[in-house]
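First the structure, in the form of C-alpha cells, and then the observations on it.
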Amino acid sequence: MKLKTNSQGLQGTLKVPGDKSISHRSIMFGSIAQGQTTVYDILRGEDVLSTIAAFQKMGVKIEDDGQKVIVHGKGFDGLAQAQEALDMGNSGTSTRLLSGILAGLPFETTLFGDDSLSKRPMDRIATPLRLMGAEISGQTDKVKLPMTIKGSKDLKAIDYVLPVASAQVKSAVIFAALQASGVTKVVEKEKTRSHTEEMLVQFGGEITVSGKTILVPGGQKLVGQEVTVPGDISSAAFWLVAALVVPNSELVLKNVGINETRTGILEVISAMGGQMQLSEVDDVAKSATITVRFGSLKGTEIAGDLIPRLIDELPVIALLATQAEGETIIRDAAELKVKETDRIAVVADALNAMGAKITPTDDGMIIQGGTKLKAPKEAINTFGDHRIGMMTAIAALLIEGELELERAEAIQTSYPSFFEDLEKLSK
Ligand SMILES: O=C(O)C1=C[C@@H](OP(=O)(O)O)[C@@H](O)[C@H](O)C1
Ligand SMILES: C=C(OP(=O)(O)O)C(=O)O
C-alpha cells in the first residue's frame, strides 16, 4: 500500500485498542477456570483470534457479541484434545503460553504457524516443560514449529532459572506449574511483564512474587471472572512517537495500560526531554490518559533492566531516536533478533533506506539523531512483522513523496484499526 506524508501534524483524542498480552491471558485463564469469564475491551487482532480459535478447538465455548467476549470455562480437566493441529498464526504468545497449558493435559497436540512464527525458537519453553514431564518434539534443536506436545497428568514442580528475560517462557512454566505436584520456583533474569501473575491472583489462584523469584503451588483450581482489558501501551507507542516527531502535533491517548512492567517507553520519552503528561491515573485498572506533543528531543541510552519493559516498542523508539539531537544507544536487546523478524536488522535497513544513520550491533543499535528522512528508493517490506509496518507508517508521515509498504496486512496482528485511527488523527 501507498503511505502518505503529513504536513499539518496529528491532533485529537484516541482510545487505543485493548492490550494484546492481557487479551490472550483473559481467554486462557477463562478457559482453564471453572465457570464464566466475561471480557470487556478485548483486542480483536489476529493473534488473539488465534488464541480464541485454539481453545474453541479444545472444546471451550467462547462467544463474542461485539461488546464483550464470554468464555465458558471448563477447568484444566475439561479441555479436550483438538481434532486437528492448532494454527498459531503469527503469535509467539499464543504458542508459548498454550504450550504450558498443554504440558499437563494427557494427550498429544500439534501446533503450527506462519512463516515468521515457524522460524522462532521454542526450545526456550520445551526445556523447562520437558523437565516437568511433558514430551515435546519440534524442528531442529531449536524445537521450531510444527511442534507436538504430549502432556502428562504427573507433571513435577521444578526450580528453574530463566536463561532469557521472557514473559512468555515465565508464563508457560507458571501454567504448567498450576497442574504439577509440588511448588515450582521460577527465577527471572530480568523482571518482565507481570500480567500472568496478576491475572492468576484475580482468578483466585495462589502465587508468591518476591523480586525476581516466583513460587507457584501445584494442583490449583481457578474461578471465572470479569476482566476489563486496558489499552495497549505497545500500540499507543506509535502515536506517542508520531506526536513527538511530527511538527504541530498534540494527541490525547485515553485508557492506556500503565502496568509498571510495561512503561519503559514513558521513561525513555522523559529522558529524551519529550513533552508528555499523564492524567486520570487509575491505580486499580492500571491505566491513564497520556497527552503528548511535538517538541525538541535529545538522544539517550537504553539498556539493562529497562529493555524487557519496552521490548516491543524498540522499533518505533529507533525511529524516535533518528529525530532527536545527538546519539541514542540501545544495548542488551539481543531478544529483538527472535521476534516476528530480526528487528535489529530489519529496523536498521528500513530506516537507513530512508536516510537514517543506524548502526546495528549484536545486541542493539547505535542511532545518530537529527536526520531528515526521505522517500526510500524501493518499497519497504514488513516481512510479516506488524511492528515494522506501523513504525514505517509513522516514519512515512515525515517524508516528502511516496512510500510503498509491502505486506502491510501484517498490521492486523495487533492493531486492525491502525490506518482508520491514523486517518482520524490526521484530518
Ligand atoms: O508475554 C507476552 O504477552 C509477551 C512477551 C514478550 O515476548 P517475550 O516473552 O518473548 O520477550 C513480548 O515481546 C510479546 O509481544 C508479548
Ligand atoms: C513479539 C510480539 O508478539 P509475539 O511474540 O506474541 O508474536 C509483538 O507483538 O511484538
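If you're wondering where the values come from, they're calculated on a predicted model, not measured in any experiment. One-based numbering, in listed order, for ligands and for the atoms of each.
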Original post:
Among all protein non-hydrogen atoms, which one is nearest to atom 4 (P) of ligand 2, and what is the separation to 0.1 Å?
Top reply: Gly92 N, 3.5 Å
**OP:** Would you mind telling me if ligand 2 is within reach of the side chain of Arg120, the backbone, both or neither, using heavy atoms under 4.0 Å?
**Re:** side chain
Original post:
Out of curiosity, is Glu313 lining ligand 2, as in a heavy atom under 4.0 Å away?
Top reply: no
**OP:** Examine His24 against ligand 2 and note whether any of their N/O atoms are separated by less than 3.5 Å.
**Re:** no
**OP:** Classify the angle between the aromatic ring planes of Phe29 and Phe175 as parallel (below 30°), tilted (30 to 60°) or perpendicular (above 60°).
**Re:** tilted
Original post:
Val169 to ligand 1: N or O pair under 3.5 Å?
Top reply: no
**OP:** Give the intermediate values and the outcome of side-chain hydrogen bond (donor to acceptor under 3.5 Å, both in side chains) for residues Gln225 and Gln202.
**Re:** CA-CA 7 Å; Gln225 299 294 321; Gln202 188 190 350; 4.9 Å; no
**OP:** Report yes if some N/O of Arg387 lies less than 3.5 Å from some N/O of ligand 1; otherwise report no.
**Re:** no
Original post:
Taking the non-hydrogen atoms of Arg96, is any one of them nearer than 4.0 angstrom to ligand 1?
Top reply: yes
**OP:** Output yes when the distance from some N or O of ligand 1 to some N or O of Arg25 is under 3.5 Å, and no in every other case.
**Re:** yes
Original post:
With no hydrogens and no angle check, do the side chains of Glu188 and Thr192 hold a donor and an acceptor under 3.5 Å apart?
Top reply: yes
Original post:
Asn90: heavy atom below 4.0 Å from ligand 2, yes or no?
Top reply: yes
**OP:** Go through Arg309 and Thr263 one step at a time and tell me if the side-chain hydrogen bond (donor to acceptor under 3.5 Å, both in side chains) criterion holds.
**Re:** CA-CA 6 Å; Arg309 298 177 55 234; Thr263 46; 3.2 Å; yes
Original post:
Would you find a donor on one side and an acceptor on the other, under 3.5 Å apart, between the side chain of Thr38 and the backbone of Glu226?
Top reply: no
Original post:
With respect to Asp232, which candidate in Lys20, Arg387, Lys15, Arg262 satisfies the salt bridge (charged side-chain N to carboxylate O under 4.0 Å, His left out) definition?
Top reply: Arg262
Original post:
Any idea which protein heavy atom is nearest atom 1 (C) of ligand 2, and the distance to it?
Top reply: Glu340 OE1, 3.0 Å
**OP:** For Thr328 and Thr300, indicate whether the former's side chain and the latter's backbone hold a donor-acceptor pair under 3.5 Å.
**Re:** yes
Subject >> Atom indices of ligand 2 within 4.0 angstrom of Asp312 heavy atoms, with elements >> reply: 1 (C), 8 (C), 9 (O), 10 (O)
**OP:** Report, in ascending order of atom number, the atoms of ligand 2 lying under 4.0 Å from any heavy atom of Lys339.
**Re:** 1 (C)
Original post:
What do you reckon, is NZ of Lys153 surrounded by more than 12 foreign heavy atoms closer than 6.0 Å?
Top reply: yes
Subject >> Which residue and heavy atom of the protein sit nearest atom 10 (O) of ligand 2, plus the separation >> reply: Arg387 NE, 2.6 Å
Original post:
Taking the non-hydrogen atoms of His24, is any one of them nearer than 4.0 angstrom to ligand 1?
Top reply: no
Original post:
So which heavy atom on Phe55 is nearest to which on Ile62, and how close?
Top reply: CB-CD1, 3.9 Å
**OP:** Under 4.0 Å, heavy atoms only, figure out whether ligand 1 is touched by the backbone of Lys170, its side chain, both or neither.
**Re:** neither
Original post:
Which atoms of ligand 2 sit under 4.0 Å from any heavy atom of Arg343?
Top reply: 1 (C), 8 (C), 10 (O)
**OP:** Give the minimum heavy-atom separation between Thr95 and Leu145, together with the two atoms involved.
**Re:** CG2-CD2, 3.9 Å
Original post:
Has ligand 1 got any nitrogen or oxygen that is less than 3.5 angstrom from a nitrogen or oxygen of Ser166?
Top reply: yes
Original post:
For ligand 2, which atoms, with element, lie under 4.0 Å from some heavy atom of His386?
Top reply: 8 (C), 9 (O), 10 (O)
Original post:
Does the pair Lys150/Glu108 count as a salt bridge with the N-to-O cut at 4.0 Å?
Top reply: no
Original post:
When only distance counts, is Arg96 in polar contact with ligand 2, meaning an N/O pair under 3.5 Å?
Top reply: no
Original post:
Does Thr93 reach ligand 2 with a nitrogen or oxygen that is under 3.5 Å from one of the ligand's nitrogen or oxygen atoms?
Top reply: yes
Original post:
Taking atom types as modelled, is there a side-chain donor on His24 or Thr51 under 3.5 Å from an acceptor on the other?
Top reply: yes
